[in-house]
Amino acid sequence: MMGLFTDDAGNLSSTRVFTAVIIAVVLFNWTYATMQSGAWQPLDLDATLTLAGALAAKVCQKFAESGGEGGDRTSGLWK
């Protein structure tokens with residue numbers, strides 16, 4: 001499980017932890033609202049943008065650290 005929060009060098013990645021916390025909080029709030037109302041609640045625009053922003057920050061951070069080159073899985077796609 002800790003491998004999910006570590007970068008390629010094996011160090012703890014604060015951006016990954018931050019992204020995971022945001023996703024967990026948004027999904028918990030959405031599930032809580034759905035359970036309280038007793039009916040399926042659509043994910044509102046604010047929650048969607050929050051999730052998209054957290055994921056975009058993680059993607060941008062990865063490219064900023066690697067100088068614009070993807071990791072092992074995407075290096076062939078960008079050349």
Enquirer: Do you reckon L43 sits in the same ILVMFWY cluster as L55, going by side-chain contacts under 4.5 Å, direct or chained?
Expert: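 As far as the 4.5 Å side-chain criterion goes, L55 and L43 are connected within one cluster.
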
Enquirer: One pair to check against side chain to side chain contact (heavy atoms under 4.5 Å, CB included): V25 and T50. What are the steps and the verdict?
Expert: CA-CA 10 Å; V25 168; T50 301; over 6 Å; no

Enquirer: Nearest 0.5 Å, please: how far is OG1 in T15 from CD in Q61?
Expert: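 Reported value, rounded in 0.5 Å steps: 3.5 Å.
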
Enquirer: V26 and A47: which non-hydrogen atoms are nearest, and at how many Å?
Expert: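 Distance-wise, the nearest heavy atoms are CG1-CB, 3.8 Å.
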
Enquirer: Can you tell me how far apart CD1 (I22) and CG (L27) are? Round to the nearest 0.5 Å.
Expert: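 Between atom CD1 of I22 and atom CG of L27 there are 11.5 Å.
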
Enquirer: What is the minimum heavy-atom distance between T34 and W40, and which atoms define it?
Expert: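 Result for this residue pair: CG2-CA, 3.9 Å.
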
